[in-house]
Every structure is written in structure tokens, then in C-alpha cells.
Number of protein chains: 2
Amino acid sequence: MPHNSARCRSNCPINFVLETFGDKWTLLIVRDLLFHGKRHYGEFLASDEQISTNILADRLQRLERDGVVEKQADPSHGSKVIYRLTQKGRELLPIMLEITAWSGKHDSRTNVPKAFLKQLAKDRPRLAAQILDSLDETEKG
Amino acid sequence: MPHNSARCRSNCPINFVLETFGDKWTLLIVRDLLFHGKRHYGEFLASDEQISTNILADRLQRLERDGVVEKQADPSHGSKVIYRLTQKGRELLPIMLEITAWSGKHDSRTNVPKAFLKQLAKDRPRLAAQILDSLDETEKG
DNA sequence: CGCCGGCACTTGCATTTCGCAAGCGCTGCT
DNA sequence: AGCAGCGCTTGCGAAATGCAAGTGCCGGCG
């Protein structure tokens, strides 16, 4: 937890998320976990933005320490590791959706499908529930 | 705009906001503009988190370049400068409110008043409207 | 008219973080 | 027994950050 660390800067809620997510990479890992069903180290490494392996290892460790992500051995494959969001991590979804809406509006080159933005505007709770459901599916399978 | 820069990493909406806000400081400036009615360089400098002056100058310049903030001379005091959010910047409010809600829930030492969180849960559009109104007030006065 | 204080930056330099490439250790498969 | 895949570590040059001091402009006051 940020506030347990020595370098806590304030108790402002904006600052609180910045202590964990205030860099160019951490939120991309959350995105991959939440929207893209990724669970393995190599999958994060393969994302478009090309995170380097040392940074990835560092960020996963921080996310785990901050209670956003948990790590477990892959039962079906001993040398693999499964990363998944905790409940706290899943609760980032509303933030992620607001971010998507904002970028959808202000980024002329966005890759967000129009249909997704429409659904976001029309019935956000339902969309959120669908995303969490499909995440559960992924984690079961 | 991030995508006009050479170092654009992808067209993902999450990445889009990270290109502008992906560091430990930028969003604190937005917070000060949006929630605390700050407009002057020296006011940002005085915030709890103690941003250093060279970083502040750099971030304000980037925010202006990205169309989130605009800069104008203070008519009442020639050596002062007024910074204000553009419409695009004001539209960050929903993101900021979601962040506040998340931190309010997960940060045991948060300084967010309980009443604020309640209002956030109960009638968010109204709260958002109030915040924007009081921002208009500040900018008029 | 000249000086002084406030304000918005700039500059220089030490420290930290990042980015890239190579390598390591363990596991399962053949 | 050997090899390939996977998660992660290490080393090093480059870039970003943090800190402190300095610069230039404006307004106010004597």
C-alpha cells in the first residue's frame, strides 16, 4: 500500500492512485488483465506497446504488493505463472471505462469501436457486468 | 496530441491518456485546477506533494500542447499568468470522480470526506454539475 | 527615477529510473 | 540426456527527475 511506504506524498485520493499507477506502464497491465483476458507474463510482454521485461517484472511485483494483482502457479503447467486481478483490481473497471470514453471522444485515431462507445453511453452498468462476466469465464477456462 | 508525436505507442484508449497523464505529477495539476480552484503557478507549487519548479513548468507546457490547459495573462496583474482547463480538460471530471471513489474505498487514510463519498454514490451527475459550477464561479471572480 | 519584492520560469548538476540486450534457472517434453 | 519454453535477473548507457540557485519581467513605493 502506498501510504505504508516511506515516500507517501499526501492523503489525496488522486495522489493515492498515482502512487500505484502513476507511470506509463502499470495501467496497461491492468488493461490486459481486465479487457484482454491475459494472465501470463509472456502475454503482457507481447502487447502492442512493447514493455520491456525488467519493467514488467517490477510492475507486477508492485501490483501484487499493493493488492491489485495476485500471482499463482499454473496447475496445468509448472513453469507458468498465472496473474489475476484481485477484487480491488477489478474495481478499477469504472475508472478504465471513463478513460475509454474520454479517449474515444478526444483521440481522433482511437481504436475503440463506435459500438462500444455507444453501449458505454447507453447502459454502462450492463456493459461493466458483461466485462466482468467474461473475465470470470476466462478465469474458469 | 500524443498521436501526433513520434513516440506514439498504440491507439489504445488507455494508452492515449497515459501519453499525457502517465506520470506522478500531471494529474495533480489537473486536480488543483478542477477541485481546488487554483490558477497560478505559485499555487500549484504550494500543493502538499511538493512538485519541483522545473517539473511543473514542463508539465504545464505539455498540458497546454495537448489542449488540456490554456494559458493567459492575468489582466489584473501583469507579471501573473492564469492557467485554466479547456473543455477537454473539464471533461476529465468523471475520471477524477471515479478515481476519488476508488481511493475513498481502498485507502484507509484517505482525506476524502465521508459526505463527499456519499454524495458521489447517491447522485453523481448532480455532484459533477456542482463542481463545474463552482469552477465557473472561481473563473469569473 | 530607482530599488525591491513577487512571480514565473530556467539552468546546472547529482541521483534515480528507464530501455535494451543478454543471460540464468527451472520445468516439461522427447 | 538434451533441448525448448517460460519467467525473471543483470549490466550498462540514456533519459528523466529532484534539488537549489539564478534570471528576467512587472508593479509598487519612496
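- Taking 4.0 angstrom as the limit, Arg39(A) places none of its side-chain polar atoms (N or O) nearer than this to OP1 or OP2 of dC6(D).
- Side-chain atoms of Ser79(A) lie closest to dG5(D) of the nucleotides dG5(D), dC25(D), dC8(D).
- Taking atom CG on Asn54(B) and atom P on dC9(C), their separation rounds to 13 Å, with Å as the unit.
- dA20(D) atom C1' lies 16 Å from atom CG of Leu56(B), rounded to whole Å.
- Protein atom CG of Leu63(A) is 13 Å distant from nucleotide atom P of dC8(D), rounded to whole Å.
- Remark: the Asp66(A) side chain and the Thr20(A) side chain contain an N/O donor-acceptor pair separated by less than 3.5 Å.
- Atom-to-atom, CD of Gln61(A) to P of dG7(D) comes out at 16 Å; the value is rounded to the nearest Å.
- At a threshold of 4.0 Å, the pair Glu91(B)-Lys88(B) does not count as salt-bridged, since none of the basic side-chain nitrogens sits closer than that to a carboxylate oxygen.
- At the phosphate of dA16(D), neither OP1 nor OP2 sits under 4.0 Å from any side-chain N or O atom of Arg59(B).
- Distances shorter than 4.0 Å separate some side-chain N or O of Lys71(B) from OP1 or OP2 on dC9(C).
- The side chain of Val81(B) lies closest to dA8(C), out of dC7(C), dT17(D), dA8(C).
- A donor-acceptor pair shorter than 3.5 Å cannot be found between the side chains of Thr110(B) and Lys105(B).
- Across all strands, Phe44(B) comes closer than 4.0 Å to no nucleic acid atom at all (heavy-atom distances).
- Residue Thr53(B) places its side chain closer to dA20(D) than to any other of dG19(C), dA20(D), dA21(C).
- When each of His77(B) and His77(A) is assigned the nucleotide of DNA chain C with its nearest heavy atom, His77(B) is the one assigned upstream, toward the 5' end.
- A sub-4.0 Å separation between OP1 or OP2 of dG7(D) and a side-chain N or O of His40(A) is present.
- In this model, the phosphate group of dC18(C) is not approached by any side-chain N or O of Trp25(A) to a distance below 4.0 Å at OP1 or OP2.
- Residue Asp23(A) is out of contact with every strand shown, counting any heavy-atom pair closer than 4.0 Å.
- Within the structure, every side-chain polar atom (N or O) of Lys80(A) is placed at least 4.0 Å from both OP1 and OP2 of dC8(D).
- For Ile55(B), the listed nucleotide lying nearest its side chain is dT17(D); candidates were dC20(C), dT17(D), dC8(D).
- Using a cut-off of 4.0 Å between Lys/Arg side-chain N and Asp/Glu carboxylate O, Arg39(A) and Asp74(A) are scored as not salt-bridged.
- The nearest whole Å value for the distance from the CD1 atom in Ile29(A) to the C1' atom in dC8(D) is 14 Å.
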Subject >> CA sep, side-chain torsions, deciding dist, call: Arg90(B), Asp136(B), salt bridge (Lys or Arg N to Asp or Glu O under 4.0 Å) >> reply: CA-CA 11 Å; Arg90(B) 291 163 66 107; Asp136(B) 288 335; 3.0 Å; yes

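- The CZ atom of Arg62(A) sits 16 Å away from the P atom of dC8(D) (whole-angstrom rounding).
- Contact annotation: Tyr83(B) side-chain N/O to dC7(C) OP1/OP2 distance is not under 4.0 Å.
- When the C1' atom of dG18(D) is taken as reference, atom CD of Gln50(B) falls 12 Å away, rounded to whole Å.
- Judged by a 6.0 Å distance limit and a 45° cone about the ring axis, Arg62(B) is not positioned over the six-membered ring of Trp25(B).
- Atom-to-atom, OH of Tyr41(B) to P of dC7(C) comes out at 13 Å; the value is rounded to the nearest Å.
- Between dG18(D), dG5(D), dG19(C), one nucleotide has an atom nearer to the side chain of Ser52(A) than all others, and that is dG19(C).
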